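Presented below is the structure to which this report refers.
None of these values were measured; they are calculated from a predicted model.
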Amino acid sequence: MTRITALAATTAASALLFGCSTDGQAPNALSAATPTAAEVAAAPATSGVIDNFMLADTDYMGHELYRSDAKVIVLISHANGCPIVRNLAPAIRALKARYESQGVEFLMVNSAVQDSMDDIAREKAEYGFDVPILKDSNQLVGEQLGVTRTGEFFVVDPKTWKVVYRGPLDDRLDYGSQKAVADHPWASDAIEAALAGRQAMAATKQSPGCLIDFPERGKVAQISYAKQVAPILEKKCATCHTEGGIGPFALSSYEMAKGFSPMIREVIRTDRMPPWNVDAHVGKFADDKSLSPAEIKTLVHWVEQGAPRGDGPDPLAAAAKKRVVQQWPLGKPDLVLEIPSYTIPASGVVDYQRPIAVNPLTEGKWIKASTYVVGQRQGVHHFLSGYLKDIPKDGQGNESRWGASMGGYAVGAESTLWPRNVGTYLPPGGAVGFQAHYTPFGKEATDKSLLGLYFYKDGEKPGLMMRNSVVVDNTIRIPAGEARHKETAYLDVPKEMLLYSAFPHAHYRGYASDLWVQAPDGTKTRILAMPRYDFNWQREYTFAEPLKIAAGSKLIANYWYDNSKKNPANPDATKTVVWGDQSWEEMFYTAIRYRWTDETATRQVNYDELMDQTRLLGMFDDNMDGKIQLSELKGELGDKLKPFFAQMDRNKSGAIENDELMAALKVMGGRRREQAQQQPAPAPAPAAKPAAGGGR
């Protein structure tokens, strides 16, 4: 609250300086229809502190204010359609060109309720803004800054997070008039002062930009804890924040919510909680665990009101008495497999473990759901699984031998549910192999985890098959010190599929990720955007309705990696990073679940094999022209192929085409299939006729 009060004081001081009216809207040339005269005298700027936030820009790249190594940060208010802010575009480009090399970071913030992401992106391109424009959808950043108009410049000192200057760029522009050259370059003077450690001087005129509507500013009625806040916390937070849950504290009463209220505000503003990392502007997802805009504003405004208790009973306390963490939230499984126990050391590095569990089934079953019960939540990073036709003699369930997936686990994503009338066939015998990633957490602990499988009953066997694959790229190479390194890979889709879900996965340097569909006519559609990847919270994102992907399409994944010192999780910013199992190495791995639309449980197809034929091309082909240039040969395999580039290019086109690549690999002795996705064993015909439809 101290920071909010300080910023309010800043706003009040600015109001006096600029002659603001009591409703918070300052008179200027827009209301007076005449140019506003600028006073020449300058006064010391009044500073407030801006709290941390995370917003996505028009490219769905996340920007967290405090995650910066800039010497000075400049925030500029923006809204589409304003002639003043449009006119500023060349000046902002010039300001960036002048100061970026000196450690000044520029960001624009759009808090306009009427502007969509797509509309902002079009305006940005049309007027040539070359700084990120962040969408402040919930207006929380604009509210805290006290923004009233476009074209307001906020110069921030990252050493204290104080706003050391607020005002216009200069005195060149006004409604109805503009000068060729500014007499008072206030913003650049403030930047110079901040870089030199001097106090910036305040501007003597208000920014002349367009008014921005903040419908809830100063009009939010007292928020009821019992009627408005507690129901949100119970619905969206208390499932994890309960006794025995994975949250670090239990939201079991008003007192707990009040005590943690400053932290609640912070994690919402920085988009750390709830742990739902895809952007709400892209796609619709089942079991969406995010907060709605109304819920976000209710919680933040309640905290900013002082988190009052108000009248009425305490719904959280009443609910906490009834709340029980269930071992099996989907009910008792039909089969429980014990993952071999593993003792996690107190410290050090643990290589991936690949244990197996023998399959005791004497007849095949169709899986409809799975749940992992993890013994040591702090020490288990993830489990992946796959069917093994034979029990490995060495007891190791290496991924290269896997068939169909039995589901996976990552923190906050314990269960996998198959759609109605869709299943994965588990043959009798053999084993289930696991990839187990354990991370030491300060004390030795033995993990004893379980996998519960749920089967379709006799008479309700599914008629449709679920498949698993991955958009993967083990050729990645991330330069030392680079903050936004991009890698791209794709899968060619040979036949029509229904895409059910996507599971993006990277390691500590993962920064952002997205997933696109490119139709056969070249049209591209973004279907998932993750502006800020969080290694600590990984989950499968299931589309609200499965997406029909036409034959001849491409599934394109992009990953951005932060290998700079700005990344607080970066193990070593001085090292070039390549693909590897361990967390200090990196991965590019988007797992997908899908089904082929003309495949049934009794009529299985080999389309996965067709998809695999161009998988390697999709790893190397970063510019997506269907060919591999010499510069695109990266990673271990790329380094081996480079000396033979001219020989592989049999038609002398200057690039390697897929048939040439396959021929070269055959000559070299072949290469085991990347991220094996073996065909499951043929399934018996369902005993009963499956229900009509299903699988969506």
Report task. Output, in order, the C-alpha distance, side-chain angles, deciding distance and verdict of ring pair (Phe, Tyr, Trp, His ring centres under 6.0 Å) for Y165 and F154. Result -> CA-CA 6 Å; Y165 169 82; F154 298 82; 8.7 Å; no
Report task. Quick one: list whatever passes side-chain contact (heavy atoms from CB on, under 4.5 Å) with D157, sequence neighbours left out. Result ->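 Testing D157 for side-chain contact (heavy atoms from CB on, under 4.5 Å), a comparison that skips the adjacent residues, returns K159, T160, V164.
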**Report entry** Residue pairs involving residues 123-203 (criterion disulfide (SG to SG under 2.5 Å); sequence neighbours excluded)
**Finding:**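 Listed once each, the pairs would be none.
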Report task. Check ring pair (Phe, Tyr, Trp, His ring centres under 6.0 Å) between W276 and all other residues, then give those that pass, not counting sequence neighbours. Result ->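 Applying ring pair (Phe, Tyr, Trp, His ring centres under 6.0 Å) to W276 gives Y541.
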Requested in this report: Output, in order, the C-alpha distance, side-chain angles, deciding distance and verdict of ring pair (Phe, Tyr, Trp, His ring centres under 6.0 Å) for F129 and H78.
Outcome: CA-CA 11 Å; F129 290 105; H78 175 271; 5.6 Å; yes
Classify the ring geometry between [X] and [Y] as parallel (under 30°), tilted (30 to 60°) or perpendicular (over 60°).
{"X": "Y66", "Y": "W161", "answer": "parallel"}
{"X": "Y533", "Y": "F535", "answer": "tilted"}
{"X": "W186", "Y": "H184", "answer": "parallel"}

Query raised in the report: If we only count heavy atoms from C-beta on, is the N52 to E64 side-chain gap below 4.5 Å?
Result: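 They are in contact (side-chain heavy atoms under 4.5 Å apart), so the answer is yes.
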Query raised in the report: Between R539 and K289, is any pair of side-chain heavy atoms under 4.5 Å apart?
Result: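 The answer is yes, as the side chains (C-beta and beyond) meet within the 4.5 Å cut-off.
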Report task. Apply disulfide (SG to SG under 2.5 Å) to C82 and list each qualifying residue two or more places apart in sequence or on a separate chain. Result ->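 Disulfide (SG to SG under 2.5 Å) check on C82 returns C210.
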Report task. Provide the closest heavy-atom pair for V113 versus P215 in the form atom of the first, atom of the second, distance. Result ->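 Looking at all heavy atoms of both residues, the closest pair is CG1-CD, 4.3 Å.
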Requested in this report: For the pair K205 and D174, evaluate salt bridge (charged side-chain N to carboxylate O under 4.0 Å, His left out) and give the outcome as yes or no after the intermediate values.
Outcome: CA-CA 10 Å; K205 66 175 285 187; D174 217 325; 3.3 Å; yes
Query raised in the report: Sequence neighbours excluded, which residues qualify as salt bridge (Lys or Arg N to Asp or Glu O under 4.0 Å) partners of R172?
Result: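 For R172, no residue satisfies salt bridge (Lys or Arg N to Asp or Glu O under 4.0 Å) once neighbours in sequence are set aside.
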**Report entry** Test side-chain hydrogen bond (donor to acceptor under 3.5 Å, both in side chains) applied to E216 - qualifying residues, sequence neighbours left out
**Finding:**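 Expected list: K297.
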Query raised in the report: Just checking, any donor-acceptor pair under 3.5 angstrom between side chains of Y60 and R526?
Result: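 Checked: Y60/R526 side chains show no N/O donor-acceptor pair below 3.5 Å.
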